[in-house]
Amino acid sequence: MGKTKKSENVAKKVVNSSADGLYVLDVFLIGGPITEEFIADNPVVSRTIEIKGSNTLQELHKIIFKAFDREEEHMYEFQIGGNGPQDPNARRYGLKQAFSSSGLTPTPTGDVSSTSIADLSLSIDEAFGYWFDFGDDWWHQINVTNILDKAPAGKYPRISKRIGVSPPQYADFD
């Protein structure tokens, strides 16, 4: 469903990770319980998020949740360092309670509440995955489009651009 790119096909521009840095991320919805009619009306659904290096993955989840007009919280994880979403070789970061209760194999790499964006050592043109709701399987690809050494004054994280309307969290397929 969205316009995505594989991180393996793009030369990455390495940038020094900094808690003061500003990361510009394009978040594309690439899969989930969406009707064909919705896809026809919204072939691309994406949001641009600006987030500081000091923000955590949990804060990134919260702004994505808001950006896509979600209503109910569910389990989620980020997949970093692979070739985009669903790469089994990616480092996985999830909720602390998921580590012990889910029996996930392999065990997630880290906890979203204590992992900052700067901790990930992201590069410009890198792509990584975000999986929301392990039952309905909302899949997103996050593309790192820019990293600034220092974030301009302002409140972060924030949504700076929206393309397409948000699908309902629970589609009506009737």
Side-chain angles (χ1 to χ4, degrees), residues 1-31 42 44-70 73-87 89-99 108-133 138-166:
M1 135 157 244
K3 179 180 175 185
T4 61
K5 58 185 165 189
K6 296 282 186 189
S7 60
E8 65 192 6
N9 297 330
V10 178
K12 296 176 189 170
K13 181 179 177 188
V14 178
V15 177
N16 291 332
S17 297
S18 165
D20 295 328
L22 180 70
Y23 294 73
V24 181
L25 309 173
D26 283 341
V27 183
F28 291 89
L29 181 61
I30 60 172
N42 300 277
V44 176
V45 178
S46 71
R47 307 292 182 256
T48 300
I49 306 287
E50 297 176 357
I51 190 165
K52 289 177 72 171
S54 60
N55 289 120
T56 65
L57 284 172
Q58 184 174 44
E59 291 167 309
L60 177 56
H61 157 72
K62 286 179 181 179
I63 197 70
I64 293 171
F65 188 90
K66 180 180 177 181
F68 286 92
D69 304 309
R70 303 252 163 81
E73 282 286 349
H74 288 278
M75 299 287 278
Y76 64 91
E77 78 172 24
F78 290 91
Q79 302 145 353
I80 315 289
N83 290 321
Q86 305 179 36
D87 185 335
N89 298 315
R91 299 181 317 274
R92 296 170 41 241
Y93 295 84
L95 297 164
K96 194 173 208 171
Q97 63 266 30
F99 288 50
T109 304
D111 178 4
V112 293
S113 67
S114 60
T115 304
S116 74
I117 302 302
D119 289 341
L120 302 173
S121 299
L122 296 170
S123 301
I124 294 172
D125 292 330
E126 186 168 355
F128 61 97
Y130 167 68
W131 177 23
F132 173 75
D133 188 343
W138 290 99
W139 287 99
H140 306 75
Q141 180 167 311
I142 302 173
N143 297 336
V144 181
T145 60
N146 201 5
I147 303 173
L148 304 176
D149 290 334
K150 184 152 179 63
K155 184 176 177 179
Y156 299 98
R158 65 184 177 200
I159 306 156
S160 60
K161 184 177 179 184
R162 295 173 183 262
I163 297 174
V165 299
S166 298

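Leu57 contributes atom CG, which lies 8.0 Å from atom OH of Tyr76 (distance to the nearest 0.5 angstrom). To the nearest 0.5 Å, the span separating CZ on Phe28 from OG on Ser46 amounts to 4.5 Å. Expressed to the nearest 0.5 Å, how far CG of Leu120 lies from CZ of Phe78 amounts to 9.0 Å. Separating the NZ atom in Lys150 from the CG atom in Asp20 is a distance of 4.5 Å, to the nearest 0.5 Å. Put simply, CG on Leu95 and CD on Glu73 are 8.5 Å apart, with the number rounded to the nearest 0.5 Å. For the atom pair CG (Leu148) and CD (Glu50), the distance works out to 8.5 Å, reported to the nearest 0.5 Å.
Heavy atoms only, all atoms of each residue included: Leu29 and Arg70 are closest at CD1-NH2, 4.1 Å. Minimum interatomic distance between Gly81 and Arg91 (heavy atoms only, all atoms of both residues): CA-NH1, 3.9 Å. When all heavy atoms are compared, the tightest approach of Ala90 to Gly82 is CB-N, 3.8 Å. A pairwise comparison of heavy atoms in Pro152 and Leu22 identifies CD-CD2, 3.8 Å as the closest pair.
Between the side chain of Gln79 and the backbone N or O of Gln86 there is at least one donor-acceptor pair closer than 3.5 Å. A donor-acceptor pair under 3.5 Å is absent between the side-chain atoms of Ser123 and the main chain of Glu126, judged by distance alone.
Annotation: ring-ring contact (aromatic ring centres under 6.0 Å, His included) contacts of Trp139 (sequence neighbours excluded): Trp131. Applying the side chain to side chain contact (heavy atoms under 4.5 Å, CB included) rule to Ser54 yields the partners Ala19, Lys52; only residues at least two apart in sequence or on another chain are considered. Every residue was checked against the side-chain hydrogen bond (donor to acceptor under 3.5 Å, both in side chains) condition with Asp87, not counting sequence neighbours, and none meets it. In this structure, Asn146 has no side-chain hydrogen bond (donor to acceptor under 3.5 Å, both in side chains) partners at least two apart in sequence or on a different chain. Every residue was checked against the side-chain hydrogen bond (donor to acceptor under 3.5 Å, both in side chains) condition with Thr115, not counting sequence neighbours, and none meets it. Looking at residues two or more places apart in sequence or on another chain, you find a side chain to side chain contact (heavy atoms under 4.5 Å, CB included) between Ile159 and Ile49, Ile63, Lys66, Ala67, Arg162.
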Using the rule given for side chain to side chain contact (heavy atoms under 4.5 Å, CB included), can you reason through Leu60 versus Val112, listing the C-alpha separation, both sets of side-chain angles and the distance that settles it, and then say yes or no? CA-CA 9 Å; Leu60 177 56; Val112 293; over 6 Å; no

Test log, rule side chain to side chain contact (heavy atoms under 4.5 Å, CB included), inputs Asn55 and Tyr23: CA-CA 10 Å; Asn55 289 120; Tyr23 294 73; over 6 Å; no

Side chain to side chain contact (heavy atoms under 4.5 Å, CB included) between Thr48 and Leu25, worked out: CA-CA 6 Å; Thr48 300; Leu25 309 173; over 6 Å; no

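Inter-residue side-chain proximity for Tyr93 and Thr109 is flagged as met; some heavy-atom pair is nearer than 4.5 Å. By the 4.5 Å heavy-atom criterion applied to side chains, Pro157 and Lys62 are not counted as neighbours. When side chains are defined from C-beta on, Trp138 does not count as touching Ile64, because their heavy atoms never get closer than 4.5 Å. Side-chain atoms of Ile80 and Leu122, non-hydrogen and from C-beta on, do get closer than 4.5 Å to each other.
Below 30°, between 30° and 60°, or above 60°: for Tyr130 and His140 the angle between ring planes is between 30° and 60°, a tilted geometry.
Side chain to side chain, Asn143 and Thr145 fail the donor-acceptor criterion of an N or O pair below 3.5 Å.
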